[in-house]
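Before any comments, here is the structure.
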Amino acid sequence: MLTMEFDYDKLAEALLPKLREELRQIARDSSPMRDLPPLLTRLELMELLRIGPTRTTELMKRPDFPVMREAGVLIPTDKLFQWIDRHTQWVEDNTSYFKVG
């Protein structure tokens, strides 16, 4: 009769780098930007952020908001997500908006 023993620590150590890479690939492939156009219109921005025209105007008037006006009013999708990441961190660091209790 054939018997096998596994060293689970060594198996995990061998698989871990491959698993990490696969998870990184899944995260890249499931990025919300993957299904969006490279440039968003004002209406697409409103739909994406689920905001109305007044809030959209306020955002687009901000000097730090990524809007391109050379070819109409367009928002670079990658810059928008970078802007969201930068400002979400500021909110977390400087307010209690996301804190429960």
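Worth knowing before you read on, the calculation uses all heavy atoms, side chains too, and leaves out hydrogens, waters and symmetry mates. Just so it is clear, the structure is predicted and the values come from calculations on it, not from any experiment.
Remark: side-chain polar atoms of Arg24 are not paired, donor with acceptor, to backbone N or O of Leu19 under 3.5 angstrom. Judged purely by atom type and a 3.5 angstrom limit, Glu21 has no side-chain atom pairing as donor or acceptor with the backbone of Lys18. Proximity of a side-chain donor or acceptor of Thr77 to a complementary backbone N or O of Pro37 within less than 3.5 Å is detected.
Across all non-hydrogen atoms, the minimal contact from Pro66 to Pro76 is O-CD, 3.5 Å. Heavy atoms only, all atoms of each residue included: Arg42 and Thr57 are closest at NH2-OG1, 3.0 Å. Taking every heavy atom of both residues into account, Asp64 and Trp83 meet most closely at O-CD1, 3.0 Å.
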Begin with the C-alpha distance, continue with both residues' side-chain angles, and end with the deciding distance and a verdict on side-chain contact (heavy atoms from CB on, under 4.5 Å) for His87 and Arg62. CA-CA 12 Å; His87 289 82; Arg62 288 179 56 134; 3.5 Å; yes
Let me see the working for Thr54 and Glu58 under side-chain contact (heavy atoms from CB on, under 4.5 Å), right down to the final yes or no. CA-CA 6 Å; Thr54 303; Glu58 290 172 2; 3.8 Å; yes
Given Ile51 and Leu59, is the side-chain contact (heavy atoms from CB on, under 4.5 Å) satisfied, shown in steps? CA-CA 10 Å; Ile51 58 175; Leu59 271 178; 3.7 Å; yes
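Between the CZ atom in Arg86 and the CD1 atom in Ile84 there is a gap of 10.5 Å [rounded to 0.5 Å]. From Glu47, atom CD reaches atom CD of Glu44 across 7.5 Å, with rounding to the nearest 0.5 Å.
The side chain to side chain contact (heavy atoms under 4.5 Å, CB included) check on Ile75 picks up Leu40, Leu45, Met60, Phe65, Val67, Leu80, with sequence neighbours excluded.
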